[in-house]
K.L.:
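Submitted below is the structure of interest, expressed as structure tokens.
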There are 2 protein chains.
Amino acid sequence: MALTIRDVARAAGVSTATVSRALRGLDNVDPATRDRVVRIAREMKFSVSPSASRLATGRTGSIAIVTPFLGGWYFTELFAGMEAALQRFDVDLLLHATGMPGVTAHPLRAHERVRRRVDGVLVLGMPLEMVESEGLFELDVPVVLLGLQAPGVPSVSIDDRLAARMAVEHLVERGHKRIGLISGRPLPTMFVPENDRLAGYLEVLVEHGLSVDETLREPGDFKVAGGEQAMERLLSLRPGPTAVFAMSDEMAYGALRAMRRRGVEPGKDIAIIGFDGHDLADTFDLSTVRQPVRDLGKAAGELLMERIAAGSLADAEVAPILLPTQLYARGSTGC
Amino acid sequence: MALTIRDVARAAGVSTATVSRALRGLDNVDPATRDRVVRIAREMKFSVSPSASRLATGRTGSIAIVTPFLGGWYFTELFAGMEAALQRFDVDLLLHATGMPGVTAHPLRAHERVRRRVDGVLVLGMPLEMVESEGLFELDVPVVLLGLQAPGVPSVSIDDRLAARMAVEHLVERGHKRIGLISGRPLPTMFVPENDRLAGYLEVLVEHGLSVDETLREPGDFKVAGGEQAMERLLSLRPGPTAVFAMSDEMAYGALRAMRRRGVEPGKDIAIIGFDGHDLADTFDLSTVRQPVRDLGKAAGELLMERIAAGSLADAEVAPILLPTQLYARGSTGC
DNA sequence: CTGAAAGCGCTTACAG
DNA sequence: CTGAAAGCGCTTACAG
């Protein structure tokens, strides 16, 4: 049915070995021959069989993204960045959603799903325990962590502790002393970034001699509705917070809504700052700490391809890559 | 390095043919033999080489999603639905973003990228012209369209014309006579769904004897900021609209914001209805027409697998699959 | 610079 | 129910 390299070889009057070399642009081919073969192949609309070439070389030409959460703004941005990085490598990008342990886990472990199918794995937003339980380290291919660091594993992330500090320090500078927190899951959690953000929050409070009050911390599940409910609980406290740090912009949107409904004016009655640099933050005049999500994706994609190219060499030096975050002060903190 | 089927055959004292059959659960194997082979393979942690098996069978075990837009709520929902549908088929899911023609097109046509790598293609939100220019119909594999219909091509979508009618009829029922429109791109566009929604909008106006006023139509680029600007232009009209239909919820959020800033109360001074059934619509008390995006993804995934299984048979009957939409009346239209 | 030939690891008629 | 053997379509030492 489909043409093979033999058809091209016959048409060009050369061996299949020469066609193979010519088509891949290897340099041990006479330029004239190469050009002719390439031209003929194109005329015949020949294209190589990936399966055959993969079997012959032992490389899959694919990488996988493995992640518990598929959707949302964060994933989308990340993905766009990865696409940009991967474009020039001509690798297939496999997507595998694991689901959350205990919630909607995938029937197969990621290990089973990607084994022998990929040359490397990008692990997104997964706690280390999960990376292990999904068997990702048992794969004999490079793994790059995205969104958190772990000793000895290549990773691309932000410094969550530092980023949280930026947010809370901003609130302290605006004169606040009772600063509430809307987290994702209830703390502490298996997710490192959230714990790190909590650590940053606590550090700043302590450094400024502010009292640490556990009742001022509410989980919001990283959703708008969750943020709204969390803020409602905070608003009903006596005394309540005068400022709130939400661990995501989307939760902050919910919080803004809860405030408005109670007639509490953001940035005036109560200050609120989000986290992410989500598209709508500007629209809602929400202060936030921006993380360069797209760049994270790009850097992770590049790092993974680098590790794949390096093979088993250079396994020693794996300095984590940390990308900078940035404070955006807006109306919601009175700016 | 990695184990082959020969290793398993040797260990089990059978031929590679029997191992191959046993591992795939074919029925022409003695149950006792099968169980033993399977057990031994598991003990050895053997797993089949996809490349070899693909080369031998001629099937790739992969499908591609090809789409101009990667991100956002719509894509995410769709993807979740597709994952659900595809889970039981054990196919690899390749992602290919084409970029928009004339904006950020991909250097390679989708045709080049997925050729010989997939057994089928899911085309998401692409105008037919683009499907053609990307060479997707030249692929010798089944193609399923997601988000629009085309004669003779299997597809899964909503009835955009009808859905738009729901929105506009709701506004008419609430007594509105000057109804504005916030579209995505300037109309008419190469994107069928938008044109269909425009058609539905116009139909309702005409049926109710309302005047059709082109100045009441503004593009908003399917973004919050675009919706905001579009609404600002509409608000400065004299006489302006008393109600507005936005072709996406996200544009409607922007519109809400423009209204609030001008002191125009949604649902009271001016009614507004969105489109999508986005997560936040409820939070913002936005009326909308919900489309079942996740179900669209699921249905499309299933349809594609069905077409692949059918092979070149049954090419005749390709009834488009249409999923229902639903009106949600909320405060933004005075409900 | 080029080709003949072996090999990558499976699957599948075919024969028994 | 089982096996020997050919074949899937490439790539890659090896020899020249």
Side-chain angles (χ1 to χ4, degrees), chain A residues 1-38 40-41 44-62 90-92 115-119 140-141 311, chain B residues 1-38 40-41 44-62 90-92 115-119 140-141 311:
Chain A
M1 190 67 240
L3 294 174
T4 76
I5 208 173
R6 290 196 57 189
D7 299 313
V8 180
R10 248 191 303 258
V14 295
S15 72
T16 58
T18 298
V19 175
S20 174
R21 292 179 188 120
L23 256 29
R24 281 175 299 150
L26 300 191
D27 53 355
N28 49 352
V29 184
D30 184 280
T33 316
R34 170 156 42 71
D35 293 350
R36 190 162 48 85
V37 169
V38 167
I40 291 177
M44 300 172 79
K45 297 199 176 179
F46 167 79
S47 71
V48 125
S49 155
S51 312
S53 140
R54 286 165 183 184
L55 177 57
T57 59
R59 277 177 251 111
T60 68
S62 306
D90 186 38
V91 291
D92 291 342
R115 184 162 154 55
R116 310 195 67 171
R117 321 193 147 220
V118 298
D119 300 326
D140 44 352
V141 298
Chain B
M1 188 66 238
L3 294 174
T4 78
I5 208 172
R6 289 195 59 190
D7 298 312
V8 180
R10 247 191 303 258
V14 295
S15 72
T16 59
T18 298
V19 175
S20 175
R21 291 179 188 120
L23 256 28
R24 279 174 302 149
L26 301 190
D27 52 357
N28 51 353
V29 184
D30 183 280
T33 315
R34 170 157 40 71
D35 292 350
R36 191 162 49 85
V37 169
V38 167
I40 291 176
M44 299 173 78
K45 297 199 174 177
F46 168 78
S47 73
V48 127
S49 155
S51 312
S53 140
R54 287 166 182 181
L55 176 57
T57 61
R59 277 176 252 112
T60 68
S62 306
D90 187 37
V91 291
D92 291 342
R115 184 161 154 56
R116 307 195 69 175
R117 321 193 148 221
V118 297
D119 299 324
D140 45 352
V141 298

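Every chain is numbered from 1 and lettered A, B, ... according to where its sequence line falls, protein lines coming before strand lines.
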K.L.:
CZ of A/R36 versus C1' of C/dT2: gap in Å, rounded?
P.N.:
12 Å
K.L.:
After noting the C-alpha distance and the side-chain angles of A/T18 and A/T33, does the key distance pass the side chain to side chain contact (heavy atoms under 4.5 Å, CB included) rule?
P.N.:
CA-CA 9 Å; A/T18 298; A/T33 316; 4.0 Å; yes
K.L.:
How many whole angstroms separate atom CZ of B/R10 from atom P of D/dG3?
P.N.:
14 Å
K.L.:
Can you pull out the residues from residues 52-59 of chain A that lie within a 4.0 Å heavy-atom distance of DNA chain C?
P.N.:
A/L55, A/A56
K.L.:
Between P on C/dG9 and CE on B/M44, what's the gap in Å once rounded to a whole number?
P.N.:
14 Å
K.L.:
Please check if the side chain of B/R24 supplies one atom and the backbone of B/S20 the other of a donor-acceptor pair under 3.5 Å.
P.N.:
yes
K.L.:
With sugar-phosphate meaning primed atoms plus P, OP1 and OP2, does B/R34 contact a base, only sugar-phosphate, or nothing at under 4.0 Å between heavy atoms?
P.N.:
nothing
K.L.:
Applying a 3.5 angstrom cut-off to the pairing atoms, does DNA chain D sit in any stems of at least three consecutive Watson-Crick or G-U pairs? List them by first number.
P.N.:
C:1-3 with D:14-16, C:5-12 with D:5-12, C:14-16 with D:1-3
K.L.:
Contact list please: residues 19-31 of chain A against DNA chain D, heavy atoms, distance less than 4.0 Å, in numerical order.
P.N.:
A/S20, A/R21, A/R24
K.L.:
Any side-chain to backbone donor/acceptor pair from B/R54 onto B/T60? Under 3.5 Å, distance only.
P.N.:
yes
K.L.:
Between OG of B/S62 and CG of B/D92, what distance do you get to the nearest 0.5 Å?
P.N.:
4.5 Å
K.L.:
Roughly how far, to the nearest 0.5 Å, is the CG atom of A/L3 from the CE atom of A/M44?
P.N.:
5.0 Å
K.L.:
Can you name the side chain to side chain contact (heavy atoms under 4.5 Å, CB included) partners of B/D90, sequence neighbours left out?
P.N.:
A/R113, A/R117
K.L.:
Check whether any side-chain nitrogen or oxygen of A/S15 sits under 4.0 Å from OP1 or OP2 of C/dT2, and answer yes or no.
P.N.:
no
K.L.:
When the C1' atoms of D/dT12 and D/dG16 are considered, how many whole Å apart are they?
P.N.:
16 Å
K.L.:
Rounded to the nearest 0.5 Å, what separation is found between the OG1 atom of A/T16 and the CG atom of A/L23?
P.N.:
11.5 Å
K.L.:
Partners of B/S49 by side-chain hydrogen bond (donor to acceptor under 3.5 Å, both in side chains), sequence neighbours excluded?
P.N.:
none
K.L.:
Is any side-chain N or O of B/S49 closer than 4.0 Å to OP1 or OP2 of C/dG9?
P.N.:
no
K.L.:
Using whole Å, report how far CZ of A/R117 lies from P of C/dC10.
P.N.:
13 Å
K.L.:
Name the closest nucleotide to the A/T4 side chain, picking from D/dG9, D/dT11, D/dA4.
P.N.:
D/dG9
K.L.:
Would you give me the side-chain donor-acceptor pairs under 3.5 Å for residues 5-12 of chain B, sequence neighbours excluded?
P.N.:
{"residue": "B/D7", "atom": "OD2", "partner": "B/T4", "partner atom": "N", "Å": "2.8"}

K.L.:
Verify side chain to side chain contact (heavy atoms under 4.5 Å, CB included) between B/V14 and B/V37, making sure each step is shown before the conclusion.
P.N.:
CA-CA 9 Å; B/V14 295; B/V37 169; 4.1 Å; yes
K.L.:
Just how far is it from atom CG of B/D140 to atom CG of B/D119, taken to the nearest 0.5 Å?
P.N.:
10.0 Å
K.L.:
Would you mind telling me which of D/dT2, C/dC10, C/dC1 lies closest to the side-chain atoms of A/T33?
P.N.:
C/dC1
K.L.:
Can you check the B/R6 CZ to C/dC8 C1' distance for me, whole Å?
P.N.:
12 Å
